[in-house]
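Notes follow the structure.
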Amino acid sequence: MAERIAIVGGSGLAWLEALVVERQKIVVTPYGEPSAPLTFGRFGEVPVVFLPRHGGGHTIPPHLVNYRANIWALESVGIKSIISVATVGGITMEPGIICIPDQIIDYTWGREHTFVDSCDVAPVKHVDFSAPYCEQLRSILIKAGKRASVRIKTEGAYGATQGPRLETAAEIQRMHRDGCDLVGMTGMPEAALARELDLCFAHLSLVVNWAAGLGKGPITMQDIQKNLDLFIESVKLLLGNMEADWP
Ligand code: HPA
């Protein structure tokens with residue numbers, strides 16, 4: 001039987017309609033409650049656990065997501081691989097593209113960002129994070145994206161900002177100089193926490209707007225929502241095409 005994979009969904013993906021739901025499970029973790037009960041089901045032939053990052057009713061803002069509880073809960077039910085899906089602003093990529101980034105720059109602050117918080121629970125360790133995403137899973141997603149003929153970019157640096165406000169134009173210029181291609185609010189500490197638990201983790205970044213100062217006029221939630229709606233089909237197509245390579 002294929003290995004079960006977790007999908008952590010962001011805005012607009014709070015419920016994957018294509019998922020055939022089998023059961024739900026409420027998980028309690030030493031770090032508190034995850035954003036929602038875990039939903040077990042199937043996506044085609046692939047067994048999946050789905051977790052909506054912002055809660056079932058999309059009420060949890062990026063800086064208040066309990067990332068530690070989410071990642072811990074998934075690991076506790078035997079998950080080894082996580083696909084994180086989230087909207088982003090494009091710094092070097094235009095709206096409409098799905099990027100599978102290969103790097104991260106973290107600008108978040110004040111988030112519970114590690115499991116290394118008490119020697120009783122976890123001995124001090126310094127995980128290698130030179131390549132923050134799992135290459136094996138990235139390559140499965142890239143192949144699936146090509147098979148599905150969706151517009152993908154196979155690399156890019158994800159800049160994680162604190163939110164919930166969007167960035168200033170000057171902040172985006174700085175991020176550009178730093179080497180960021182994308183900007184989003186939820187990519188960290190999710191990726192680092194997954195690495196601390198030795199989980200294979202990759203990101204599907206859905207570019208829904210030009211980042212601040214790069215498009216015409218202000219960024220509106222209506223524009224973001226409109227672009228996001230256009231992605232739902234591509235995300236389903238891409239995930240549906242993973243089956244051939246999924247172990
Ligand atoms: N900035 C940060 N997060 C985002 C953006 C953005 O422009 N668009 C979607 N998520």
Side-chain angles (χ1 to χ4, degrees), residues 7-16 35 51-55 57-67 70 82-111 113 132-133 150-153 155-193 201-235 238:
I7 299 176
V8 179
S11 313
L13 223 99
W15 192 251
L16 259 182
S35 300
L51 175 59
R53 184 186 295 109
H54 299 286
H58 202 280
T59 50
I60 312 172
H63 61 297
L64 295 182
V65 170
N66 190 339
Y67 296 96
N70 286 353
I82 300 174
I83 300 173
S84 168
V85 189
T87 60
V88 295
I91 299 177
T92 63
M93 297 177 199
E94 74 262 27
I97 285 178
I98 299 182
C99 179
I100 298 141
D102 62 337
Q103 275 301 329
I104 298 176
I105 300 182
D106 187 9
Y107 301 89
T108 65
W109 48 270
R111 299 183 179 188
H113 65 287
Y133 297 111
V150 297
R151 286 179 70 206
I152 56 166
K153 287 264 190 223
E155 47 196 32
Y158 177 110
T161 55
Q162 179 69 356
R165 67 163 177 85
L166 293 159
E167 300 70 35
T168 65
E171 284 168 338
I172 293 298
Q173 287 309 318
R174 180 181 73 154
M175 291 177 76
H176 191 207
R177 287 193 298 276
D178 285 353
C180 295
D181 298 294
L182 309 162
V183 53
M185 299 174 191
T186 55
M188 284 294 280
E190 216 173 59
L193 292 167
F201 181 95
H203 201 268
L204 281 186
S205 301
L206 316 180
V207 185
V208 287
N209 58 281
W210 277 114
L214 301 179
K216 293 191 198 102
I219 302 166
T220 68
M221 286 302 113
Q222 287 88 328
D223 285 346
I224 289 185
Q225 189 56 51
K226 201 173 71 204
N227 284 333
L228 180 57
D229 292 344
L230 303 175
F231 271 115
I232 302 298
E233 241 357 85
S234 328
V235 173
L238 189 151

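The figures here come from the full heavy-atom set of this structure, side chains too, leaving out hydrogens, waters and symmetry mates. In each ligand, atom 1 is the first atom listed, and ligand 1 is the first ligand listed.
In this structure a side-chain-to-backbone donor-acceptor pair under 3.5 Å is missing from Arg53 to Val65. A donor-acceptor pair is defined here as one N or O able to donate and one able to accept, closer than 3.5 Å; such a pair exists between the side chain of Asn70 and the backbone of Ser35.
The nearest heavy-atom contact from the protein to atom 4 (C) of ligand 1 is Val183 O, 3.7 Å. The closest protein non-hydrogen atom to atom 6 (C) of ligand 1 is Leu166 CD2, 3.4 Å. Closest to atom 8 (N) of ligand 1 among all protein heavy atoms lies Asn209 OD1, 2.6 Å.
Near Met185, with a cut-off below 4.0 Å to any heavy atom, the atoms of ligand 1 are 2 (C), 3 (N). Those atoms of ligand 1 that come under 4.0 Å of a heavy atom in Gly184, given as number and element, are 2 (C), 3 (N). Listed by number with element, the atoms of ligand 1 under 4.0 Å from a non-hydrogen atom of Gly89 are 4 (C), 5 (C), 6 (C), 7 (O), 8 (N), 9 (C).
Checked by distance only, ligand 1 and Glu167 come closer than 3.5 Å through their nitrogen or oxygen atoms.
Going from atom CG of Leu166 over to atom OG1 of Thr161 covers 8.0 Å, rounded to the nearest 0.5 Å. Rounding to the nearest 0.5 angstrom, the gap separating the NE2 atom in His54 from the CE atom in Met185 is 9.5 Å. Once rounded to the nearest 0.5 Å, the distance linking CD1 of Ile98 with CZ of Arg151 reads 10.0 Å.
Using a 4.0 Å cut-off between heavy atoms, Val88 contacts ligand 1 through its backbone alone, with no side-chain atom that close.
Checking Ile91, Ile104, Thr92 one by one against Cys180, the side chain to side chain contact (heavy atoms under 4.5 Å, CB included) holds for a single residue, Ile91.
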